Amino acid sequence: MPEKAKNRLFTILIGVLAAAILALTLSYESPDDRVERLGSSIKCPVCQGESIANSPADMATDMLDLVEARVAEGISDDAIVNELLASFSGAVLLDPPASGPTLFLWLAPFAAAALGVSVIWWWRRHPGGPATNSESAAALTVPTRRRLIGGLILIGGFALVVVVANALVQDRAGTTSGAADVGIANLDDVSNETMEAVIAANLDDPQINSMRLALAERYFEVGDYRSAFPHYLNVAESELVTASEASTALIRLGWMAYDGNGEVEAATSLFDQALAITPNSSIALYLKGQVLWCGAGDTDTATDLFKAVLQLPDLPDETRSQVEQDLDRAVSGEACT
């Protein structure tokens, strides 16, 4: 092959390699793009065929926030998807695109390798002719050097492709050390609907009790006893809760039994169960006194309980003031209001 044709071939090969490296670099995916891609691959559990990236639903927003948090932590795509599918009942994986930057990312090193092998094979099939004299030998020195330099550039470029591809794949996929947790670190921004879905998908996980209790407290604070009751009951009956969690659930159940249904005996029984777990619970003692005073007319026992509360150390000033007022009213014979 004429020397000009060989030089042209080397120029083309190097240009192709440079284009491959440039395309590989441009295929880099930013964290925001990764969040969008993952969000587009998960169906919103409460929507009609929409992904969580395109849905305005509260649950979809919560799920996308979780994706963003996991991406920031460097969790792998598979781990993030698995966590979403396991934690949110009704979430399914939408059909992923058949092509994209990831496909090229994996194929680029192999394409570069094939290109390098092809060039080496071509060199072996088209070796340069032997030098017949000193002038021709000197003339062959230049193309030989060019071939050597071109080969080194090709090999170096291939190595660069492999290194860059590996770095980008690791950057994109993140680490796989982050196993999916059913707990979400900050529940303040998570909707009730989302928490219900997470709980429903992880009924057998002991870590879910803290989320149950947090959700029940939300319902309790707004007077939604019907929604709060099953969560408090599950926490109270669980064998894998802390003493504080069990006591809180029993106290709430006791107050709901009285405030919601007027059940004095059931309420006091639940308060006693809570006090058996946490004997110095100020809220259990105070509410039991309230129920006996207001519901049973047992002023003497109620005043004893109020006095016991006031003897507890580290009682908040607001609580102390309220208990003192109720004690004075009970001692003076006033009716509970």
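All residue numbers in this chain count up from 1 along the given sequence. Just so it is clear, the model here is predicted, and its values are computed rather than measured.
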Could you walk me through whether L38 and I42 pass the side-chain contact (heavy atoms from CB on, under 4.5 Å) test, one step at a time?
CA-CA 7 Å; L38 290 172; I42 300 294; 6.0 Å; no
When every non-hydrogen atom of P279 is compared with those of L285, the smallest separation belongs to O-CD1, 4.3 Å
Candidate pair I80 and R34, rule side-chain contact (heavy atoms from CB on, under 4.5 Å), full reasoning
CA-CA 11 Å; I80 294 173; R34 187 175 168 217; 3.9 Å; yes
NZ/NE/NH1/NH2 to OD/OE distance under 4.0 Å, K43 and E50: no
Taking C-beta and beyond as the side chain, do L270 and W255 meet within less than 4.5 Å on heavy atoms? no
Residue set satisfying side chain to side chain contact (heavy atoms under 4.5 Å, CB included) with T319, at least two apart, ordered chain then number -> L315, P316, V323
Side-chain touch M256/N261, heavy atoms, less than 4.5 angstrom: no
Do the side chains of I208 and L240 join up, straight or via other hydrophobic residues, at under 4.5 Å, putting them in one cluster? no
Using a 3.5 Å cut-off and no angle test, enumerate the donor-acceptor pairs between side-chain atoms of residues 304-312 and protein atoms at least two apart in sequence or in another chain.
none

Report the C-alpha distance between L213 and S210 in whole Å, list the side-chain angles of each, state the deciding distance to 0.1 Å, and finish with yes or no for side-chain contact (heavy atoms from CB on, under 4.5 Å). CA-CA 5 Å; L213 193 58; S210 59; 5.8 Å; no
Margin query: With a 4.5 Å cut-off on side-chain heavy atoms, are M195 and S191 touching?
Written below: no
Between R212 and P230, the two heavy atoms sitting closest are NH1-O, 4.4 Å
- Taking the six-membered ring for Trp and the single ring otherwise, decide whether the centroids of Y225 and Y219 are under 6.0 Å apart. no
Here the pair of heavy atoms bringing Y258 nearest to A267 is CB-CB, 3.8 Å
Disulfide (SG to SG under 2.5 Å) pairs touching residues 233-337, sequence neighbours excluded, are C294-C336
**Q.** Note, L292 side chain near K288 side chain (heavy atom, < 4.5 Å)
**A.** yes
Contacts satisfying salt bridge (charged side-chain N to carboxylate O under 4.0 Å, His left out) that involve residues 312-327 (not counting sequence neighbours) are D326-R329
Rounded to the nearest 0.5 angstrom, the CG-CD1 distance for D62 and I52 is 10.0 Å
With sequence neighbours left out, the residues meeting salt bridge (charged side-chain N to carboxylate O under 4.0 Å, His left out) with D224 are none
Anything under 3.5 Å between a donor and an acceptor, one on a side chain of residues 244-254, the other on a protein residue two or more places apart or in another chain? List them.
residue, atom, partner, partner atom, Å
E245, OE1, T242, N, 3.2
S247, OG, T278, OG1, 2.7
T248, OG1, S244, O, 2.9
R252, NE, E217, OE2, 2.9
R252, NH2, E217, OE1, 3.1

In terms of heavy-atom contacts, N209 and S238 come closest through ND2-OG, 3.1 Å
Nearest heavy-atom contact between C44 and S55 is SG-OG, 3.8 Å
Those residues at least two apart in sequence (or on a different chain) that pass side chain to side chain donor-acceptor pair (under 3.5 Å) with E68 are none
Other residues, nucleotides, ligands: >12 heavy atoms within 6.0 Å of E265 CD
no
Y232 reachable from V198 in the ILVMFWY side-chain graph, under 4.5 Å edges: no
#### Entry: Hydrophobic cluster identity match, M211 and F229, side-chain contacts under 4.5 Å
no
In short, disulfide (SG to SG under 2.5 Å) pairs touching residues 205-288 with sequence neighbours left out are none
So salt bridge (charged side-chain N to carboxylate O under 4.0 Å, His left out) across residues 231-243, not counting sequence neighbours, yields none
Pair up each side-chain donor or acceptor in residues 296-303 with any protein partner under 3.5 Å, not counting sequence neighbours, and list the distances.
residue, atom, partner, partner atom, Å
D298, OD1, T301, N, 3.2
D298, OD1, T301, OG1, 3.1
D298, OD2, T301, OG1, 2.8
T303, OG1, T299, O, 3.2
T303, OG1, D300, O, 2.7

Could you walk me through whether S41 and R37 pass the side-chain contact (heavy atoms from CB on, under 4.5 Å) check? CA-CA 7 Å; S41 70; R37 175 173 58 80; over 6 Å; no
Across all chains, not counting sequence neighbours, the side chain to side chain contact (heavy atoms under 4.5 Å, CB included) partners of A72 are none
Assigning hydrophobic clusters by single linkage (Ile, Leu, Val, Met, Phe, Trp, Tyr; side-chain heavy-atom cutoff under 4.5 Å), is L215 placed with V241?
no
Sequence neighbours excluded, the answer for side chain to side chain donor-acceptor pair (under 3.5 Å) partners of T61 is none
One should read off an interatomic distance between Q273 CD and T268 OG1, to the nearest 0.5 angstrom, of 10.0 Å
